[in-house]
Each structure stands twice: as structure tokens, then as C-alpha cells.
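Just so you know, these numbers use all the heavy atoms, side chains as well, and skip hydrogens, waters and symmetry mates. Chain naming here is simple, since letters A, B, ... match the order of the sequence lines and numbering starts at 1 in each.
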Amino acid sequence: SCAGPVESKTEAAMSELVPEPRQKPVVPTKPMGINTSLLGYIGIDTIIEQMRKKTMKTGFDFNIMVVGQSGLGKSTLVNTLFKSQVSRKSSGWNREEKIPKTVEIKAIGHVIEEGGVKMKLTVIDTPGFGDQINNENCWEPIEKYINEQYEKFLKEEVNIARKKRIPDTRVHCCLYFISPTGHSLRPLDLEFMKHLSKVVNIIPVIAKADTMTLEEKTEFKQRVRKELEVNGIEFYPQKEFDEDLEDKTENDKIRQESMPFAVVGSDKEYQVNGKRVLGRKTPWGIIEVENLTHCEFALLRDFVIRTHLQDLKEVTHNIHYETYRAKRLNDNGGLPPMTVETEENHESNL
Amino acid sequence: QQPTQFTNPETPGYVGFANLPNQVHRKSVKKGFEFTLMVVGESGLGKSTLINSLFLTDLYPERIIPGAADKIERTVQIEASTVEIEERGVKLRLTVVDTPGYGDAINCRDCFKTIIAYIDEQFERYLHDESGLNRRHIIDNRVHCCFYFISPFGHGLKPLDVEFMKAIHNKVNIVPVIAKADTLSLKERERLKKRILDEIEEHGIKIYHLPDAESDEDEDFKEQTRLLKASIPFCVVGSNQLIEAKGKKVRGRLYPWGVVEVENPEHNDFLKLRTMLITHMQDLQEVTQDLHYENFRSERLKRGGRLKIEDEEVNKDQILLEKEAEVR
């Protein structure tokens, strides 16, 4: 049952080999002439193992962007997500830095390894976003950066002498931090998400959620979800990209109940009930980051890393990137010069 | 206040004016106090909850919180609500001036125009009344104190905070407040407070300074004043919900990991803020009258414009100013 999906993916993923494809429900095939169970085992399923080994050897890229006003805990959360010091604040940038006068884009790369699998993680930070008195169009530098990465990839793709593995700097996931006011979204939040949800996967996140009681949290999440819906903002996982019923049910639950995730981040450990846990210590108790009754960090982590990491990359590649590419090819002579042959090849793929 | 000595009025040398403070006290109690408090800060920083907690009231019963799309077109509004509070025979007529819409827009350039205009308007009205014929019932609507709410989520002051405070520090007493303090650990609070104080000094912002305790006050009061001064800006938590904690009912916020008590000095500075406000209400009014209002008045009179000249004194001032201008 895995033969089908593998073929379609080799065509699409030109940058790297795809690690094990998602498990699809078994489609009953027409009974074949040969009864395979009688003749024995073929071994097609070992392909998964081979692909897994290949992925482990080559590793993979993941680029995550964090956007939000300063002080919402973006750097801390990213460090907590990847259990390493990978954020801007840990890379020698002074945490007590002044608020920059314009929006800056800072990309920091790290290679982290787990269970033999190497991940080249790039965290793209956007200091200065939403901090100014006049925040008009402060999303433009971010949109520009995202499109620049698509352009870089496109240029490499249409090159005559292509690299075997095109370096992927495209933004796979953008965590947008919502301030936990408990009231509603801010006008800036709406504007940003409206513009950027069309070019990148946006995952809205409610920052510093330890500021709200359970009721306040539920109410706020409901209100935010409603506002996003009313304003036509499609955050990841987008409804239109659900591939089958299984995806739809799973994603519906996430979209309608869990998101936006109300998170708390921390890179400090404390002793609770004999265990070392990541948390925040206050005079009235210790907030445990990975405790689901305290906050939804674990849900966000599982969502982004353990279940939907690959899908984030696929949607970026198959949808956002393709949209950008189609637009560029339609613009007059947008692409750098190349032989006519190559151009025709590409057009036939469209 | 010293207990009155009821010495025999027949004793030689006894004049009797030691009883004056009592008379003043009695008159003020009868008259009641008026106080106008302005509250400024972005939406969602806990302003309304804190005001309700401070004065044990519900100032905003019919409140509808607007969504982001509605906020896009909105400008800053000024909403004043008045409430009469009585405690042990003492009446307080409290006016809370709210400024919804502040800091919400994408471009906040014009955020403070409305607010400054309001403050000036109250000064103008008072100036007009003061120079008028009938001065028996002047209503004092001048803003005596402005609680400026700083976000507990940030790393210190934002550009908007700095600009706004600089624009009003010569017009009103600014008390910086950090609400929703339960979002911060004790260390984070100290760090934030220090950062804010450093930035206030760096930018030359003049916030309200509590006067030092007089040398004839008792040690407890002096110590209390010292503590209050050291805690600015106050990190507070507001709530009017009663939660069961350690066997008794307290005002607080219930979290899965514990209960934050509003009136527990180890949890936040709420009691300090309340003490400061109550014990210094008089001083706040005085500073408004003697400093901010006088500044406004002299500026205003210098500028000229129509003012009914009833008083000999005002005439003299005018002539003096004109003479000064000539010399210059």
C-alpha cells in the first residue's frame, strides 16, 4: 500500500528525500492474479526502513520564524521547543538590547541531533515588530524576507547545473505570538495575519499564558478563533489542504478546540514531586511547562515537531512555494536567463 | 494627630487654637473629598479590574469588549465615570477617567492628542471658574493623578510609553503601574522595575514622587513611606473574585498551580498602591494645584486670550507679564 504515495512524492520533493510517508488508510486493491501470501514475502515494506536510514544520514532542514511584540517570550519558547539554546537571545545577542527602530530579520542556524537524526534548524527572529509608535506596514520586511527565500530556491531550481540538494531556506512555519490581554486580537495582529497567511504557514500562539485562569483562557481562545474566522484568516493547518477524511477530522479537532495554543515557556528546571521539570517559580506555585493542566506547550510541541513537521514542509513546498513560482513565471521574463530547453521542461510540469 | 488636650479654658494663657485641626477635620468630613483619577494604558493590561479592586466597586457593569476589527477605525475616547464612596462617615466623590482606544491603533501617533486636550480643558475650565464672579461652588475636575499602565509582558518601557509620559509629565502626576503582575516571578519583577526606573531617568521623565515623611512623624510611618518609595513602580494584581485559600475567603485569582491573593503583600504590591493612594490623596491634589495648575495658568496667561478680569490681582499679573515682555 506504500507504493503509491512514494511515487508522487519523489516528483514533488526535489530538495531532499522524504522520510517515511504518513500512514494512509489501507485501500483495498483489486485481487491480483498471484496470491502473494502463498508465494511468500516480497519485502516492499523495507523501503520505509531504507528511506528512514537515508534521512538519518542526510538529515533535514527546518526553518521556523517567530513574530510578535518584544517581551512575549518568543526566544524562550523556541529554546523550550527544541530543548536547546537556539534563539537569538542565546546567540550572543544582548537580551536587554534596546528596541530597534525598524523591523529587523535575524536568522540563526543550529544543527541539533536526536536519535541519530540530524536537523539543521534555523530560527528566524523579527525584533522590532509591533513595538513602534507607528506600526504601519511593519509586516512588509517580513513578507519580503519570505519571498526572498522562495526566489532563492526558484533560482537554484531553474539553474542549468542544479545542486543535488537545493539548500532550503524557505520559512516552513511562522509562530505568531498573541499578547494575552484576555480581550481580543489587536488590529496589528489581524493585519499581519491577513497579509502573511497567504505566503507562509502561520501558527497563532497565545504567549505567557500563565497570566490567565482556565476560564479566561477558554473564553479568550474562543474569541480569537471567532475573530480569525470572521476575518477570513486561514492559519495552519488550512482547511483547504486537508488531504483526506482522516486529516480533516484530526485537523478539525485541532483547529476548533486546541488552537491557538496557550503556551508558557521556560528554560529553567525545578524539582516537583521528585522529578526535574521545566517551569516557572512563583510565590504561589510552580508552573510546569509540560503539564497539560497548566498550559498547552506540550500540545504545541507535539503538533509542530512530532506530528506535523513534515506536513509543514510539504505545504510550504507544494503550495506556498508553487504559488510564488506560478506568479513569477507569469510575470514578464521574471526568471534569470536559461536555455529554452529547460524552460519548456518546467512549463510542462505545471 | 495629637490627642486634644482639654485643658481648662479658664487657665491663664490658654488661647484655644489647638482645636483648629479638629475643626478642619470636621469640616472636610462634612464637605467630603473630590478626586479625579485618570487611567491610561493599552487594552488588556488590567486597568478596569484594578480600579474595581481598589475601590471595591464595579465601575463598568455593562461593558462590551470590542474586537480587533472594530478597533482599527476607533480613535481614543475619554470616558469619565463618577462614584460616591463612603466609609466611616467620610465621603469621597471619585471620578475615574478612562481612555479606551489608547495604544490600540496600528499607528499611535495621534494617541495622546485627545488625552492632553482633556487635561488642558479641565485646567482651562478651572481657570475660568477661578477668575469668575461666583466662586463658591467651583467644581474641581482637574486630573489629580494618572495611573499609567506599563505592560508586564515587555522588557521595559515602549517608545509609546516614553513619548506619552514626556508629553504629560508637566501636566499631571504620573504614577506608573504594572498590572497583571502574576505573570512575573519575583526576580523578573525586580528586574523589570529596575529597568523601568532606569529608563525613566534616562529619558528625563518626571513621575510623582512621594514626599518624605516629616521628621515629627512616628517611626512606623517613616518606615512605611520608605517602603512605598522603594516599591515604585507598583506591581499589582487586581481581582474582586472571592477564592477559598487556606481555609479563608480571599480576593484572588485561581490557577491550576496555586492561588494569587490580591491583598497578600508577598504576592504583589496591591496593598502598597492602595495605601499610597489613600494617604497621599491630599498631597496629589496639592501638587496638582501648586505645580501643574500653576504652570498651566502662567503659560495660559502669558499667551493671552480672553479671560474675564475681575480681580485686581489678575490685572497686576497681566501688567507684570506685559512689562516683562517689553523688557525682553
Problem set entry | Top contributor to chain B interface from A:Met212, A:Glu288, A:Arg186, A:Gln69 [non-hydrogen pairs under 4.5 Å] | A:Met212

Exercise. How many angstroms lie between atom CG of B:Asn264 and atom CH2 of A:Trp284, to the nearest 0.5 angstrom?
Worked result: 9.5 Å

Exercise. Hey, which residues of residues 165-179 of chain B are touching chain A, say heavy atoms under 4.5 Å apart?
Worked result: none

Problem set entry | N/O donor-acceptor pair under 3.5 Å between B:Lys180 side chain and A:Thr181 backbone | yes

Seminar exercise, completed: Residue from A:Thr282, A:Asn137, A:Leu188 scoring the most non-hydrogen pairs under 4.5 Å with chain B is A:Leu188

Problem set entry | Choice from B:Gly44, B:Gly258, B:Pro152, B:Gly46 maximising heavy atom contacts with chain A below 4.5 Å | B:Gly44

Problem set entry | Contact class of A:Arg280 relative to chain B, heavy atoms under 4.5 angstrom | side chain

Problem set entry | Min side-chain heavy-atom separation A:His183-B:Ser43 under 4.5 Å | yes

Problem set entry | Most chain B-contacting option - heavy-atom pairs closer than 4.5 Å, from A:Gly285, A:Ser179, A:Pro283 | A:Pro283

For this session: Could you tell me whether a side-chain N or O of B:Tyr255 sits under 3.5 Å from a main-chain N or O of A:His294, the two making a donor and an acceptor?
Result: no

Exercise. In this structure, are over 12 heavy atoms from other groups packed under 6.0 Å from A:Gln271 atom CD?
Worked result: yes

Exercise. Which bit of A:Glu191 comes within less than 4.5 Å of chain B, counting heavy atoms only: side chain, backbone, both or neither?
Worked result: side chain

Exercise. Which bit of B:Glu163 comes within less than 4.5 Å of chain A, counting heavy atoms only: side chain, backbone, both or neither?
Worked result: side chain

Seminar exercise, completed: The side chain to side chain contact (heavy atoms under 4.5 Å, CB included) partners of B:Thr95 (sequence neighbours excluded) come to B:Thr36, B:Ala80, B:Thr82, B:Val97

For this session: Kindly check if the number of other-residue, nucleotide or ligand heavy atoms within 6.0 Å of CD (B:Gln241) is above 12?
Result: no

Problem set entry | Within-4.5 Å side-chain heavy-atom neighbours: B:Trp257 and A:Asn291 | no

Exercise. In residues 100-110 of chain B, which residues are in contact with chain A at a heavy-atom separation under 4.5 Å?
Worked result: B:Gly103, B:Asp104, B:Ile106, B:Asn107, B:Cys108, B:Arg109

Exercise. For atom NZ of A:Lys194, is the number of surrounding heavy atoms from other residues, nucleotides or ligands below 6.0 Å larger than 12?
Worked result: yes

Problem set entry | Engaged part of A:Leu190 at the chain B interface, taking heavy atoms whose separation is under 4.5 Å | side chain

Seminar exercise, completed: Taken to the nearest 0.5 Å, the spacing of A:Ile287 CD1 from B:Ser185 OG works out to 9.0 Å

Exercise. Is any residue of residues 217-234 of chain A within less than 4.5 Å of chain B by heavy atoms, and which ones?
Worked result: A:Arg223, A:Glu227, A:Asn231

For this session: Determine, stepwise, if the pair B:Lys187 / A:Lys281 fulfils side chain to side chain contact (heavy atoms under 4.5 Å, CB included).
Result: CA-CA 10 Å; B:Lys187 244 201 244 152; A:Lys281 184 156 192 232; over 6 Å; no

Problem set entry | Options A:Leu72, A:Thr213, A:Val264, ranked by heavy-atom pairs under 4.5 Å with chain B, top entry | A:Thr213

